[in-house]
Amino acid sequence: MTANVAVETTPEIPLWNDPSHPVSARVDALIGAMTLQEKIAQLYGVWVGASANGGEVAPHQHDMEEAVDLDALLPSGLGQLTRPFGTAPVDPALGALSLLRTQTRITSANRFGIPAVAHEECLAGFAAWGATAYPVPLSWGATFDPDVIRRMAAAIGRDMRAVGVHQGLAPVLDVVRDLRWGRVEETIGEDPYLVGTIGTAYVQGLESAGIVATLKHFVGYSASRAGRNLAPTSVGPRERADVLLPPFEMAIREGGARSVMHAYTDIDGIPSAADEKLLTGLLRDTWGFDGTVVADYFGIAFLKTLHGIAGDFADAAGAALTAGVDIELPTVKTFGAPLADAVAEGRVPESLIDRALRRVLTQKADLGLLDPDWSPVPPAFAGADLDDPDALRGTIDLDSPANRELAREIAEKAVVLLANDGTLPLAAPRRIALVGPNAAEGTAVLGCYSFPQHVGVQHPEIPVGIELPSLAESLAAEFPDAEITVARGTGVDDGDLSGIAEAVDTARDADIVVVALGDRAGLFGRGTSGEGCDAESLALPGAQQDLLNALLDSGTPVVTVLLAGRPYALGRAVEDSAAIVQSFFPGVGGTRAIAGVLSGRTAPSGRLPVSVPRGPGSQPATYLGARLAQASEVSNIDPTPAFGFGHGLTYTTFAWSDLTLDTEQAPTDGEFTASLTVRNTGERSGTEVVQLYLHDPVASVVQPVQRLVGYTRLELAPGEERRVRVTVPADLASFTGRDGRRIVEPGELELRLSASSTDARLTTRVTLTGPVREADHTRRFHAEFTVED
């Protein structure tokens, strides 16, 4: 007699859930099993806010949105969750619990068990309550240090991944074209090579933590007329190809970015969201990008409401899909019922939906969201009791000591000393007058995409959530034996003159005046810098110049300190200040970094990522200007900056010498190697930034007088010297020719080894020989620096 033995069998895993099969086969199988509505549901997000008590997220409403019924939507599935942490102040642990429970609901509601991708803003740190606020991107550019930005992005990515976030909407790779634009603070600078190298480092860091980096805004957003937000652009094909596009190309090729966000703007009448040549022809077919293209918020609907190229939302959806947009953000509007109706009516082919869906599902598979062992429990909850929300409160730290130390390091490297008559560093002053609207304001270090300024201001009853020492507090800690008197003088932009007399009296009673001026970050006119906070001119906001002039007349030396989102014209202060210190919204460690520079505890090493204008009305201007853009006798407007791109002083001096070349001629597919010696000739350690600019005196199309093609940071002790070798491929001389092809032309070039765009230390001429050569998207991007002992 044979005993009955129970045999345990494993139900067959659907192909799309089986990681032993190629991702492409899994995705094809899943698409084949989906209904049209289930397909479309993967192509949009829903804007939600995490629950403050750990419950499921709730739909977030906006002026541009209709009400969203999650119960009706979720059975078909959901592509993305928009900003569950970045919509309202929520304890990070309870926010993570809320996201976990929502993902459980999403996977339970749809028949394939597919979770949503959760995305967040992370432009100056994870935009969540209680998370570290790092310096803004303009400060990243001021570091001229890709490595430290790579480390910062990796730290941001780890914090996001720990709580269940998958995608970050950063970095901004727009090249500054007009300093009046409110979003200058969000950019890395006015030079495409600096933007590309720093932005690529950020992408590498974020992606190394498993977060999908999203490049924005593709392309032309920063080139709007008069620096107005979301305004028409006037960009020629060569400016687009040679200035605006290279940072994106570099971040895709070298950074491995997995997502791109289209820009709001149009170029020559073609909105980016409907530009098939841009989003498919260039991005995918030429550059080989295989990730997802997401809509800037409401950007697809704007094809109807703002651009007027679509008669209804169905037409807008069809135009975006045709161009190559895959995901509608922040919420369902055009990719919902209008798109389904358009397919049913034959206005939009289902094949376009399948194309976008394949990219979306491939990315979800790569994130592990289709695997059978996927869990909604994020890494931060390993071993936690998820049934006791109160016990979870406060258990996730998004502002760790390591984060703050990294933020401090970046802030210190980003402080730019513009001018100094020897007053700095301050030698134990007895009486300090600290004056200005940013003297005692802790939030003066924050950009508009920091959580406190972006979201927290709408919830004044909630604490800021992070420590933000004011400059007054940091100076008191830096100079414990000094008597520090604080006077506001005037507001950032209120135009109030009533406090200036008191400020001047305070200055006259002091040994030194530190005047803290600049911006207040905000959104859509609620600040002087930030999205929708464009400037009519580059004069200091409000009555700040009046205050500054009055202090300069006080008879006491004035150190001008800027906490700002853009550079401003400073009038007579350029010549009359004892010193000028520029800081671009430097984050949680910012005021301590500034105080350290003032005392000499740290030597400034930042360099300008944007030029500082001499006059308030000379925009748009950039150091990348051609000869006709320079000062001339036939115009009364002089665009010459007060301080040029790349400028920055420190507390020592450097001598550059012994420039040699390996060869003076090379073919158009060759390279040159130059060597020079840099020596610290001062009495203290310091950092020099060796910048390489290329000048092409004769070309077949107009070129900028010079452009940055390489840089390296050198830290030298007193008396120390290093030999620097730089190999310069001919590809760096390439530009877009008359027929639209990128070419390298034979002829003479000048290599300028410079301390800034206005301070060439050593120059040499080289000659490219041979035929005109085409340089395509596989060209070399970098001059290779080697520092020898």
Side-chain angles (χ1 to χ4, degrees), residues 123 137-138 140-141 143-150 152-154 168-177 186-208 212-223 238-263 278-279 282-291 293 609 624 645 671 691-694 704 707-712 726-736 742 744 774-785:
L123 190 66
L138 206 56
W140 310 351
T143 69
F144 276 70
D145 188 347
D147 178 66
V148 76
I149 302 308
R150 188 179 297 109
M152 176 197 72
L169 303 188
V172 169
L173 297 183
D174 295 300
V175 178
V176 175
R177 304 303 283 165
E186 299 179 44
T187 73
I188 295 167
E190 68 179 277
D191 178 86
Y193 185 74
L194 180 66
V195 174
T197 50
I198 297 292
T200 295
Y202 181 93
V203 169
Q204 290 167 340
L206 203 66
E207 290 280 357
S208 73
V212 175
T214 305
L215 311 181
K216 57 187 191 181
H217 306 86
F218 194 65
V219 64
Y221 190 26
S222 59
R238 266 168 289 283
E239 181 178 354
R240 191 182 86 150
D242 292 347
V243 177
L244 301 180
L245 286 173
F248 292 91
E249 186 178 3
M250 189 184 296
I252 289 169
R253 263 184 56 190
E254 298 184 349
R258 287 182 284 173
S259 186
V260 170
M261 175 181 283
H262 75 72
L278 176 70
L279 299 182
L282 178 66
L283 180 63
R284 297 190 183 278
D285 297 343
T286 300
W287 290 356
F289 176 71
D290 60 2
V293 174
L624 284 173
F645 172 85
E671 62 186 26
Q691 301 165 42
L692 175 63
Y693 294 86
L694 185 144
R707 54 189 173 90
L708 183 73
V709 294
Y711 60 87
T712 191
V726 55
T727 299
V728 186
D731 282 354
L732 300 190
S734 68
F735 58 86
T736 302
R742 178 172 290 277
V744 181
E774 185 170 356
D776 61 16
H777 62 284
T778 64
R779 71 191 183 280
R780 294 165 69 180
F781 284 133
H782 304 288
E784 300 296 336
F785 283 85

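Please read these numbers as outputs of a predicted model, since none were measured by experiment.
- Within the 4.5 Å cutoff, the side chain of Pro609 has no heavy atoms near those of the Trp140 side chain.
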Worksheet entry | Evaluation steps, side-chain contact (heavy atoms from CB on, under 4.5 Å), between Leu279 and Phe218 | CA-CA 9 Å; Leu279 299 182; Phe218 194 65; 3.7 Å; yes
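- Going from atom CZ of Phe781 over to atom CE of Met250 covers 5.5 Å, rounded to the nearest 0.5 Å.
- Under a cut-off of 6.0 angstrom, the local environment of CG in Asp147 is crowded, with over 12 non-hydrogen atoms contributed by other residues, nucleotides or ligands.
- Between Val175 and Pro247, the shortest heavy-atom distance links the atoms CG2-CG, 3.9 Å.
- The minimum heavy-atom distance between Trp287 and Ile252, with the atom names listed, is CE3-CD1, 3.8 Å.
- When the salt bridge (charged side-chain N to carboxylate O under 4.0 Å, His left out) test is applied to Arg253, no partner is found at least two apart in sequence or on another chain.
- Considering every non-hydrogen atom in both Leu692 and Ala783, the closest pair reads CD2-CB, 4.0 Å.
- Two residues are said to be in side-chain contact when any heavy atoms from C-beta on lie closer than 4.5 Å; Ser734 and Leu732 fail this criterion.
- With salt bridges taken as basic N to acidic carboxylate O contacts below 4.0 Å, one links Glu249 and Arg779.
- For the pair Thr197 and Thr200, the minimum side-chain heavy-atom distance is 4.5 Å or more.
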Worksheet entry | Verdict with reasoning, Leu245 to Arg240, per side-chain contact (heavy atoms from CB on, under 4.5 Å) | CA-CA 6 Å; Leu245 286 173; Arg240 191 182 86 150; 4.0 Å; yes
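- You'll find the side chain of Arg238 stays beyond 4.5 Å of the side chain of Phe735, heavy atoms only.
- A salt bridge links Arg742 and Asp242; the closest N-O separation between the charged side-chain nitrogens and carboxylate oxygens is under 4.0 Å.
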Item to complete: Before giving the answer on side-chain contact (heavy atoms from CB on, under 4.5 Å), spell out for Tyr193 and His782 the whole-Å C-alpha distance, their side-chain angles and the decisive distance to 0.1 Å.
Response: CA-CA 9 Å; Tyr193 185 74; His782 304 288; 2.7 Å; yes
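- With a 4.5 Å cut-off on side-chain heavy atoms, Ser259 and Leu215 do not count as touching.
- In terms of heavy atoms, Ala213 sits closest to Val203 at CB-CG1, 4.0 Å.
- Of the inter-residue distances, the one linking Thr187 atom OG1 with Asp174 atom CG reads 7.5 Å to the nearest 0.5 angstrom.
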Practice prompt. Output, in order, the C-alpha distance, side-chain angles, deciding distance and verdict of side chain to side chain donor-acceptor pair (under 3.5 Å) for Tyr202 and Gln204.
Written response: CA-CA 5 Å; Tyr202 181 93; Gln204 290 167 340; over 6 Å; no
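- The heavy-atom pair separating Leu244 from Gly220 by the smallest distance is CD1-CA, 3.8 Å.
- In this structure a side-chain-to-backbone donor-acceptor pair under 3.5 Å is missing from Thr214 to Ala170.
- The aromatic rings of Phe144 and Phe645 lie tilted to each other, with the angle between the two planes from 30° to 60°.
- Two residues are said to be in side-chain contact when any heavy atoms from C-beta on lie closer than 4.5 Å; Ile188 and Leu138 fail this criterion.
- Glu239 has a carboxylate O that lies under 4.0 Å from a charged side-chain N of Arg177, or vice versa, which qualifies the two as a salt bridge.
- Residues Pro192 and Leu624 come closest through the heavy atom pair CD-CD1, 3.5 Å.
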Fill in: Intermediate values then yes/no, side-chain contact (heavy atoms from CB on, under 4.5 Å), Val293 and Arg284
CA-CA 10 Å; Val293 174; Arg284 297 190 183 278; 3.6 Å; yes
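- In this structure a side-chain-to-backbone donor-acceptor pair under 3.5 Å is missing from Lys216 to Ala263.
- Contact of the Val176 side chain with the Ser222 side chain is not registered, since no non-hydrogen atoms from C-beta on lie closer than 4.5 Å.
- For His217 and Glu186, the side-chain atoms include no donor-acceptor pair closer than 3.5 Å.
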